[in-house]
Amino acid sequence: MEATARPDPDSDTPAHRYSGVLAQEIEARWHDRWDTEGTFNTPNPVGPLADASGFATRPKKFILDMFPYPSGEGLHVGHPLGFIGTDMYARYMRMTGHNVLYTMGFDAFGLPAEQFAVQSGQHPALTTAKNVETYRRQLRRLGLSHDRRRSIATTDPGYYRWTQWIFLQVFNSWFDPERKVARRIDELIAEFDAGTRVATTGDWKTMSASERRQELDKWRLAYVSDAPVNWCPGLGTVVANEEVTADGRSDRGNFPVFKRNMRQWMMRITTFADRLIDDLDLLEWSDAIKAMQRNWIGRSEGATVHFAIAENISERITVFTTRPDTLFGATFMVLAPEHPLVDQLTTPAQADAVAAYRREAEAKKDFDRQDAGREKTGVFTGSHAVNPLSGEQIPVWIADYVLMGYGTGAIMAVPCGDQRDFEFARKYKLPITAIQQPPDRSLDTATWPDAFVGDAPYVNSDNGSLNLGAVTNINEGVRLTNEWLAKNGHGEATITYKLRDWLFSRQRYWGEPFPIVYDADGNPHSLPDSVLPVALPDTDQFSPRLFDPDDAMSNPESPLDRLPEWVNVTLDLGDGMQPYRRDTNVMPQWAGSCWYELRYIDPTNENDFVDPANEAYWMGPQGKNADGTQHPGGVDLYVGGVEHAVLHLLYARFWHKVLFDLGYVSSLEPYHRLFNQGYILAAAYQDDRGMYVDALGVEDRGGTQYYDGKPVKREYGKMGKSLKNAVAPDDMCAQYGADTLRLYLMSMGPLDASRPWESKDVVGVHRFLQRLWRNIVDEDSGELRLLAAPADDETLRVVHRTIASVREELDHLRFNTAIAKLIECNNHLTKLGGCPADVADIVVKLVAPLAPHVAEELWAKLGHSDSITYESFPVADPAMLVTDTIEYPVQVNGKVRARITVASDADSTTVQAAAMADEKVQASLAGATPSKVIVIPGRMVNIVL
RNA sequence: GCCCGAGUGGCGGAAUGGCAGACGCGACGGACUCAAAAUCCGUUGUCCGCAAGGGCGUGUGGGUUCGACUCCCACCUCGGGCACCA
């Protein structure tokens, strides 16, 4: 497609027609003026960005986009969908008297930047800076009203200095399990010193300095752990659980991921699990996203139950169950093959079988073990456990359908009520005892086709001291059993989570270095604030060692390991000058995006990551939510894709809560209202080899598509490089102007819906702007051509109805219908032959948030010298919204048969009489007498026969 | 399997208990033009009919209601998330 504008100089197109060429000329001029005048600079209450405008006393709106990763390809038209929505809203908010914080930063650390650098042979710092430049230019061209003084990139040392500082706050904190808040590690030391809290590894008073250090490390919210992590040889790094797809591969690069024990940084996000679930209730997020977060955290309530072992082994087997009330039906136990008690439990007779089974299970990847459809397999250990309720001895098996990573890695099997246990019991001829009386089955489980799951009266559930016979619901059964277990020392009520602690280190180059050094004994020490940032050292060896993607036994080698002069340092950390080794990991890409909205507030603050007064103004709680719950604070509107539902959004909430607990921020949550925009889809085409071909080169001939003369297959998918169906915003701006692109993207449908891009449809909104222009400006002279006569009554009503509905639609982010209303209004003006002079200001203001460049130009032509940005948005005159007469549709038996016009204040009797008198109504009635007439005032009449 | 969404003209979509299809694309007809593009005006759910007019119509089947795209129940299809989670 040609990226040039349509009209050529030879054509007879009027010189001042609103064409792509003119639009670009206008837009470039306004971009310069906005920059020169600092039109979108937003003042803070205090600090370097405070000013005397008085704006900082206005009500505030903090409007935020999920900031982009600046890729080498630049933007395609799908990327700015959300950005344009927030820009329209931000501009509307400015015109309704708000002080608006709106800017854009760049999430520039991370794997893709590093991979792009490796491919191109250029340093990621260079490619990133270049890409950010491209993005800034493209975003500017779209007319986004960002306060550019507040823009940051996560790779700026002035930014990641504070990312490292927050890491140190997390490192120097612990979770108080009683108060359920993060507290400073100093307060833990004070509690140990005072004896009000007992250390877990020994007597605090007699511990050596090194022992005390190790005790404290066990409490820290950021800690080094030697635990199973996701090792991805194809990427050369470990990745977080959240970055592993359902089929056991990395979400970046789609490489296999293996569980391996490795020494890595973790963050104790699990301690915040309850608050991360509970506080979702305070947020205006979609139920879908809330459900995804709840699912991921995976809270389940139940009990731990301890089973004694019959064969004289002192250890007990501990299980977690959500259905302790079914304990009477536990007829065997199953341990994960990796369970630590398996060796002790295995009898000599079973040793070979158990060893063989464990080898087999180990060889399988985690993913293969998690296929629910697989036939269950297992081996008897030879030992028995004692059911604490029934006293019966039940066999202990191992099977790979039980996972070491969830609960305790062991289960009590209740085959009558659990389908997995039922299948296993059938296969290995294990007993199945009914403990509930299903309504449609006998108690003879041999006749059952499957496990019975549901509410039914308990049977066989009485051991003399616990009797569930009279219990009618599961909750009551669970409660009674938990009580009995606790009283008799066999267990207690317990809550478990699917959420694991957050794996926080990566063996890559392009990320934030850890502000941590290790002493000669390998103990981690935090570096003081004064040496931050720990700068990422320069090197041309920025690729980590990559391995065969299937080489599970390979070991990570971080690029920073290769820089001994950086790694080895001599420092005085309080014990005199000592040699230390720097941590050679870098933080995951999510670190930088965990707090960027806070830095937007105070981007130039050298002393603080954000001034508390500025944070309180922009993000502090705003009274009560609409439903009366506490307002948690946070940004007023956060727009972004649904793909971050459990990654960025969970991590950022966690960090924010830690900062809240430590008293650094006043907001409980970072993002009060979240809006997930849809994706822009586009047709993609495959040739006969299944290769994608450049969608821009495909021709349509009578419904069949051809590329290079050969037919191709069409499908629709997310716009992007991989499907070769990207459309560049620069091309669209060149052809029609940015205002047209903005309107088209927003008019395609609601912001939260995904929808296909059709380049041929763009011309529709372009024609609208052209007509709007022509209604105000003479296309030949470029001078105003307003109608001198005052707007007639009908026009005034149209204009005021438009004001009312545009306000209504913009308040609810319904840009598509707002645009439709404006088109309707403009079509009315077109029929008049132009815009009456006395409504021109109003019409231009209505368009301003949506198509700001053309609005500024028209505003200037109308004789105003200031930017339209801070003009007040029109308010509809209520008198103009009511009419003297109303047309009522008249239904006979629910079908519209006639229309009558009556005075708008006519009462029901009058309306009914007018309806009955109508001749079409009489014809439809055909002489019959209505049994009922319903009159809905202002709406309609329905005559029922 | 479980949890969310969504199914409306040729196409994108509008209407959330009260006139289904706003607005736009496309298509068709007309104006302008030597012609084309651009622009402007008009028609456009579908079927029957020359017309007036009428029948049908929001994935399928049932229900609530004077009235259902909208609410309820069951099902079908598509999209997304989770999945041997005890």
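Note on naming: letters A, B, ... go to the chains in the order of the sequence lines (proteins, then strands), and numbering restarts at 1 for each one. No experiment lies behind these values; they were computed from the predicted model shown.
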Checklist line | Pair partner, rC78(B) [Watson-Crick or wobble, under 3.5 Å] | finding: rG5(B)
Check: Expressed in angstrom and rounded to an integer, what is the separation of L22(A) atom CG from rA38(B) atom P?
Finding: 19 Å
Checklist line | Base rC23(B) paired with K821(A) side chain (donor-acceptor, <3.5 Å) | finding: no
Notebook entry, point to check: Given the P atoms of rA36(B) and rG30(B), what is the spacing between them in whole Å?
Noted result: 12 Å
Checklist line | Gap in Å between the two C1' atoms, one belonging to rA51(B) and one to rG57(B), rounded | finding: 23 Å
Notebook entry, point to check: Are S300(A) and rA86(B) close enough that a side-chain N or O sits under 4.0 Å from OP1 or OP2?
Noted result: yes
Item checked: Distance below 4.0 Å between N816(A) side-chain N/O and rA14(B) OP1 or OP2 -> yes
Check: Could you state the NE2-C1' distance from H644(A) to rG81(B), rounded to the nearest angstrom?
Finding: 15 Å
Next item on the list: Go through the side-chain N and O atoms of N254(A) and R249(A) and say whether any donor and acceptor fall under 3.5 Å apart.
Entry: yes
Checklist line | Nearest listed nucleotide, side chain of K932(A), among rC66(B), rG12(B), rA15(B) | finding: rC66(B)
Check: Ignoring hydrogens and geometry, is there a side-chain-to-backbone donor-acceptor pair from T494(A) to A303(A) under 3.5 Å?
Finding: no
Margin query: Rounded to whole Å, please give me the gap between NE2 in H339(A) and P in rA86(B).
Written below: 17 Å
Item checked: Residue matched to rC23(B) through Watson-Crick or wobble contacts both under 3.5 angstrom -> rG12(B)
Next item on the list: Would you indicate what I823(A) reaches in the nucleic acid, counting non-hydrogen atoms under 4.0 angstrom: base, sugar-phosphate, or nothing?
Entry: sugar-phosphate
Note to self: Just to be sure I understand the rule, does N942(A) reach a base, reach only the sugar-phosphate, or reach nothing, if contact means heavy atoms closer than 4.0 Å?
What the structure shows: base
Margin query: Does T408(A) reach a base, just sugar-phosphate, or nothing at all? Heavy atoms under 4.0 Å.
Written below: nothing
Note to self: Does either side chain, that of S300(A) or that of Y406(A), offer a donor lying less than 3.5 Å from an acceptor on the other one?
What the structure shows: yes
Note to self: Does a side-chain N or O of R774(A) approach OP1 or OP2 of rC40(B) to a distance below 4.0 Å, or not?
What the structure shows: yes
Note to self: In whole Å, I'd like the distance from the NZ atom of K920(A) to the C1' atom of rA52(B).
What the structure shows: 11 Å
Checklist line | Under 3.5 Å on both distances, the Watson-Crick or G-U partner of rU58(B) | finding: none
Next item on the list: Determine the Euclidean distance between corresponding C1' atoms of rA14(B) and rC4(B); express it in Å to zero decimal places.
Entry: 25 Å
Note to self: Side chain of T321(A), heavy atoms from C-beta onward: which of rC84(B), rC19(B), rA86(B) has the nearest atom to it?
What the structure shows: rA86(B)
Margin query: Need one value for E758(A): base, sugar-phosphate or nothing, where a base atom within 4.0 Å counts as base even if backbone is also close, heavy atoms only.
Written below: nothing
Margin query: Considering every strand and a 4.0 Å limit on heavy-atom distances, what is the contact class for R771(A): base, sugar-phosphate, or nothing?
Written below: sugar-phosphate
Check: Is any NZ, NE, NH1 or NH2 atom of the basic residue among R299(A) and E301(A) found under 4.0 Å from an Asp or Glu carboxylate oxygen of the other?
Finding: yes
Check: In Watson-Crick or G-U wobble terms, both distances under 3.5 Å, what is the partner of rA83(B)?
Finding: none
Next item on the list: Take the protein atom CD of E887(A) and the nucleotide atom P of rG18(B), then report the distance between them rounded to whole Å.
Entry: 18 Å
Notebook entry, point to check: Can you tell me how far P of rG5(B) sits from NZ of K290(A), to the nearest Å?
Noted result: 13 Å
Margin query: Base, sugar-phosphate or nothing for N893(A)? Non-hydrogen atoms, less than 4.0 Å.
Written below: nothing
Notebook entry, point to check: Is any side-chain N of the basic residue among E808(A) and R814(A) closer than 4.0 Å to the acidic one's carboxylate O?
Noted result: yes
Notebook entry, point to check: Using a cut-off of 4.0 Å on non-hydrogen atoms, how would the nucleic acid contact of Q770(A) be classed: base, sugar-phosphate, or nothing?
Noted result: sugar-phosphate
Check: How should the glycosidic conformation of rG10(B) be described, syn or anti, under the criterion that syn lies within 90° of 0?
Finding: anti
Check: What does rG17(B) pair with, Watson-Crick or G-U, if both distances are under 3.5 Å?
Finding: none
Checklist line | Within 45° cone and under 6.0 Å: K376(A) NZ/CZ vs F424(A) ring | finding: no
Check: For rG53(B), which nucleotide is its Watson-Crick or G-U wobble mate, given both distances must be under 3.5 Å?
Finding: rC48(B)
Check: What is the nucleic acid contact for M940(A), judged by heavy atoms within less than 4.0 Å: base, sugar-phosphate only, or nothing?
Finding: base
Notebook entry, point to check: If you check the A820(A) side chain, which of rA86(B), rC84(B), rC23(B) turns out closest?
Noted result: rC23(B)
Checklist line | Charged N-O contact under 4.0 Å between K427(A) and E375(A) | finding: yes
Next item on the list: Under a 3.5 Å limit for both distances, which nucleotide forms a Watson-Crick or G-U wobble pair with rG29(B), could you say?
Entry: rC41(B)
Item checked: Heavy-atom side-chain contact between P324(A) and L327(A) under 4.5 Å -> no
Item checked: For the student: nearest non-hydrogen atoms of K290(A) and L283(A), plus distance -> NZ-O, 2.8 Å
Next item on the list: Have a look at K718(A) and say if it touches a base, only the backbone sugar-phosphate, or nothing, with a 4.0 Å heavy-atom cut-off.
Entry: nothing
Next item on the list: Give one of base, sugar-phosphate or nothing for K498(A), where a contact means two heavy atoms less than 4.0 Å apart.
Entry: base
Notebook entry, point to check: So what does R420(A) hit on the nucleic acid, given a heavy-atom distance under 4.0 Å: a base, only sugar-phosphate, or nothing?
Noted result: base
Short heteroatom pairs, N/O only, protein and nucleotides 25-33 of chain B, under 3.5 Å:
unit_1, atom_1, unit_2, atom_2, d
rC25(B), OP1, R767(A), NH1, 2.5
rC25(B), O2', K760(A), NZ, 3.2
rC25(B), O2', D761(A), OD1, 2.3

Check: Can you say whether the rings of H648(A) and H644(A) are parallel (under 30°), tilted (30 to 60°) or perpendicular (over 60°)?
Finding: perpendicular
Next item on the list: Could you work out the separation of rU70(B) and rA6(B) based on their P atoms and round it to a whole Å?
Entry: 13 Å
Next item on the list: Can you tell me the distance, in whole Å, between the NE2 atom of H766(A) and the C1' atom of rU39(B)?
Entry: 11 Å
Margin query: Just to be sure I understand the rule, does R897(A) reach a base, reach only the sugar-phosphate, or reach nothing, if contact means heavy atoms closer than 4.0 Å?
Written below: sugar-phosphate
Notebook entry, point to check: What's the CG-C1' distance between N827(A) and rC23(B), to the nearest Å?
Noted result: 9 Å
Check: Counting only Watson-Crick or G-U wobble pairs whose two distances fall under 3.5 Å, which nucleotide matches rU70(B)?
Finding: none
Next item on the list: Give one of base, sugar-phosphate or nothing for A288(A), where a contact means two heavy atoms less than 4.0 Å apart.
Entry: sugar-phosphate
Margin query: Between D400(A) and R420(A) (salt bridge meaning N to carboxylate O under 4.0 Å), is one present in this structure?
Written below: no
